[in-house]
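In listed order, ligands and their atoms are each counted from 1.
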Amino acid sequence: MDWNSKAIESEGAIVEDLKSLISINSVLDENTASDEAPFGEGPKRALDWLLEEGRKAGMHVKNIDGMAGHIEMGTGDELLGILCHVDVVPAGDGWTTPPFEADVRDGKVFGRGAIDDKGPTIAAWHAMKMVKESGITLNKRVRLIVGADEESGFRCMDRYFKTEEMPTIGFAPDADFPIINAEKGIAGLVFSQAGSAGSGSLVSFRSGSRTNMVPDEARAVVRIPAEELEGPFHAFLGESGLEGKLSPSGDNRSELMLRGKAAHAMEPEDGINAGIRLASFLDPHMEGDGARFTSFVDQAFGDGSRGHFLGLDFADEISGETTLNAGILAYNETSGGEVTVSMRYSVSYPVEEKLAACREALEGSGFALDLASDSPPHHVDADDPFIRTLQRVYERQTGEKAELLSIGGGTYARTLQKGVAFGMLFPGRPDVAHQADEWVSVDDLVKAAGIYADAISELAGN
Ligand SMILES: [Zn+2]
């Protein structure tokens with residue numbers, strides 16, 4: 001079957017459907033939330049719209065409490081799941097066209113959700129229709145599983161899999177082509193220092209507000225006169241090339257501000273952690289409890305993001321190095337210090353063992369380690385026939401090598417037992433998800449629909 005030609009024939013319908021779906025503002029809206037619309041009116045309408053399309057195409061449709069739903073075709077014991085979502089993040093500012101009125105120009109569809117995840121959802125949906133219309137017999141059921149809350153915490157899938165069947169195999173068109181088969185574990189680590197009424201030189205310290213970003217600003221108040229710090233601070237700014245500010249704040253105190261560079265926690269080395277840099281600068285000038293804080297930060301994180309000093313470092317061939325992002329660093333005299341870290345750990349990371357070793361290393365440092373959250377790694381073996389099939393399909397449809405990717409972030413695919421992220425952002429395309437003027441190329445939509453149709457027929461066809 002020439003799936004690409006079939007997809008080209010469907011181009012008009014694909015674009016029209018995407019326009020319809022984009023025109024439904026499906027941002028989470030607690031104000032209009034109700035029993036029938038747990039995530040608000042918009043997400044409900046988007047879900048209803050897609051399920052209605054499934055009904056019109058003569059497929060089995062199920063709505064699960066307005067949180068998720070599915071469209072199913074075929075017969076068989078086994079189930080192929082295709083996981084997508086119809087909710088979007090808020091539009092934000094800076095759009096040149098209205099974000100919820102899809103605008104087609106220069107071969108692109110512009111609008112919130114164009115690439116995340118309404119475009120990919122429509123491509124996958126048309127792929128299902130193409131396979132159905134082709135009349136080929138399926139030996140598995142094929143199910144488009146649609147979530148309405150992917151962007152705000154996966155409540156859709158938590159609810160869905162409470163009562164619905166877990167697919168035998170599945171893919172999620174909600175990330176990158178070719179295939180992401182390995183996603184690191186994501187652990188939230190909290191290093192906390194017991195506080196005491198301080199007479200030390202550090203009054204307060206604050207950097208960062210979320211663990212998944214490298215903090216780009218840090219502020220500290222110290223019990224040292226500004227005249228004393230001026231020389232060293234300006235020398236430090238000169239050497240590091242960083243921007244910062246030192247100002248007197250009365251009572252022989254001074255206030256420091258340092259700017260770094262933000263980056264995603266997946267690769268902290270892409271950014272400059274303002275908190276770590278400021279703590280390292282302050283450390284030699286500190287006394288008392290505050291000195292234990294700055295010296296902990298400097299030792300534990302000053303030499304990079306791989307966790308060597310803490311004994312948390314680890315790497316494997318499938319997913320590469322474990323990374324630690326010290327996303328929130330805070331100290332105050334009454335409660336002490338706290339560093340909250342997002343650790344992206346390799347697929348084969350021995351969690352218990354490593355944390356125990358780290359706790360041992362911390363003894364006597366005045367710092368304790370807590371595991372605040374943990375989302376285990378997700379991995380499907382490269383030799384699995386399922387992966388091989390997706391690779392063969394992708395290579396046939398694109399003429400490009402289907403490299404397997406490993407990432408430090410989590411994709412929607414991790415809610416599946418045996419699932420991978422499969423598109424639909426093609427290599428080399430800018431990632432405009434969550435940005436103003438989000439777009440998807442019409443050619444890419446068509447190409448992806450062909451790839452998904454081929455994948456469905458290979459994975460579920462006779
Ligand atoms: Zn998404």
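Between K44 and D48, at least one side-chain nitrogen of the basic residue sits less than 4.0 Å from a carboxylate oxygen of the acidic one, meeting the salt-bridge criterion. Classification of E165 and R141 as a salt-bridged pair holds, one side-chain N sitting under 4.0 Å from a carboxylate O.
Between F171 and F386, the ring centre distance reaches or exceeds 6.0 Å.
For the Zn ion (ligand 1), the count of nearby protein N/O/S atoms, taking only those under 2.8 Å, is 4.
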* Going through the distances and angles, do E164 and K62 end up as a salt bridge (charged side-chain N to carboxylate O under 4.0 Å, His left out)? -> CA-CA 10 Å; E164 305 305 306; K62 188 170 179 184; 3.1 Å; yes
* To do: Kindly indicate, with the supporting measurements, whether the criterion side-chain contact (heavy atoms from CB on, under 4.5 Å) is fulfilled by L18 and K118.
  => CA-CA 7 Å; L18 179 54; K118 290 177 170 176; 3.8 Å; yes
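The aromatic rings of F314 and Y349 sit perpendicular, their planes meeting at an angle over 60°, well past the 30° parallel limit.
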